[in-house]
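To start, the structure itself, in structure tokens.
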Protein chains: 2
Amino acid sequence: MSDIRHLICWMGDIQKRLGKNVARLRKERGESQEAFADHAGIHRTYISDIERGARNPTIEVVAKIAKALGVRPGELLD
Amino acid sequence: MSDIRHLICWMGDIQKRLGKNVARLRKERGESQEAFADHAGIHRTYISDIERGARNPTIEVVAKIAKALGVRPGELLD
DNA sequence: CTGTGACTTATAGTCCGTA
DNA sequence: CTACGGACTATAAGTCACA
């Protein structure tokens with residue numbers, strides 16, 4: 001029952017969900033896109049694209065971002 | 001503290017983790033790679049590659065697989 | 001600081017096989 | 001049934017100038 005969510009989360013686009021999670025967690029940490037991108041080893045504009053759900057990144061990129069945010073990779077997709 | 005796991009899961013390659021999860025869940029459902037690939041709308045050889053951790057798929061593919069398995073996308077990366 | 005279009009290079013993803 | 005290779009096409013990765 002903790003997982004009625006999986007019936008819901010399919011509705012939304014996974015790219016948008018990833019984007020919202022990244023933006024939220026980044027802001028919680030008080031970092032700008034620029035600062036975060038730098039710290040994650042990813043280009044600034046690429047982070048911008050991801051936060052807007054305009055990209056379809058690979059799981060390696062998700063792993064990099066998760067590491068920089070200090071969360072589990074899977075958490076970014078939920 | 002439910003998340004000391006995030007300190008551990010970075011150790012392993014995320015591709016291998018995905019592969020193991022997919023293989024495990026697929027087998028639990030008693031499907032062959034072929035049948036599952038078909039049912040998930042992904043090519044047979046690609047599923048084979050993913051289960052062996054030999055590929056770096058995009059999150060859209062992860063979402064497709066998760067949907068076919070009836071689990072949350074994030075679950076496949078944990 | 002962030003969004004966006006355009007662009008090149010790398011690789012994701014498909015499809016044909018064989019063992 | 002699954003692993004794996006080769007060849008191919010579609011799209012992600014990665015960067016930039018500018019709004």
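All values below were derived from every heavy atom in this structure, side-chain atoms included, with hydrogens, water molecules and symmetry-related copies excluded. Quantities reported herein were computed from a predicted structural model and do not represent experimental measurements. Order of the sequence lines sets the chain letters (A, B, ...), proteins ahead of strands, with each chain counted from 1.
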*Separation of atom CD in A/E51 from atom C1' in C/dG3, rounded to whole Å*: 11 Å
*Would you say A/S48 reaches C/dT2's phosphate, i.e. side-chain N/O to OP1/OP2 under 4.0 Å?*
no
*Using whole Å, report how far CG of B/N56 lies from P of D/dT11.*
17 Å
_Pick the closest DNA chain D nucleotide for B/E60 and for B/R26 by heavy atoms, then say which residue is nearer the 5' end._
B/R26
*So, are A/R72 and B/D78 salt-bridged, with charged N and O less than 4.0 Å apart?*
yes
*Could B/E28 and B/R24 be called an ion pair, given the rule that one side-chain N must be under 4.0 Å from one carboxylate O?*
yes
*Which part of the nucleic acid, if any, lies within reach of A/Q33 when heavy atoms closer than 4.0 Å are counted: base, sugar-phosphate only, or nothing?*
sugar-phosphate
*Report yes if a side-chain nitrogen or oxygen of A/R52 is closer than 4.0 Å to either non-bridging phosphate oxygen (OP1 or OP2) of C/dT2; otherwise report no.*
no
_A/I65 side, atom CD1; A/E60 side, atom CD - distance, nearest 0.5 Å_ = 12.0 Å
*Could you check how far CD1 of B/I59 sits from C1' of C/dA12, rounded to whole Å?*
14 Å
_Pick the closest DNA chain D nucleotide for A/Q15 and for A/R44 by heavy atoms, then say which residue is nearer the 5' end._
A/Q15
*For the side chain of A/R55, counting heavy atoms from C-beta on, which of D/dT15, C/dT2, C/dT14 is nearest?*
D/dT15
*NA contact type, A/D49, heavy-atom cut-off 4.0 Å: base, sugar-phosphate, or nothing?*
base
*In whole angstrom, give the distance that lies between atom CD1 of B/I14 and atom P of C/dA12.*
13 Å
*asked:* I need the CD1-C1' distance between A/I65 and D/dG14, as an integer number of Å.
replied: 13 Å
*Looking at A/E51 and A/K20, does any basic side-chain N land under 4.0 Å from a carboxylate oxygen?*
no
*With sugar-phosphate meaning primed atoms plus P, OP1 and OP2, does A/T58 contact a base, only sugar-phosphate, or nothing at under 4.0 Å between heavy atoms?*
sugar-phosphate
*Whole-Å distance between D/dT2 P and B/D38 CG?*
13 Å
*Euclidean distance, A/L76 CG relative to B/L77 CG, rounded to 0.5 Å*: 9.0 Å
*Considering only side-chain heavy atoms of A/H43, which listed nucleotide, C/dT4, C/dC15, D/dT15, is closest?*
D/dT15
*Nearest to the side chain of B/E34, which nucleotide is it out of C/dT4, C/dG17, D/dT2?*
D/dT2
*Send over the distance from B/Y46 OH to D/dC4 P, rounded to a whole Å.*
16 Å
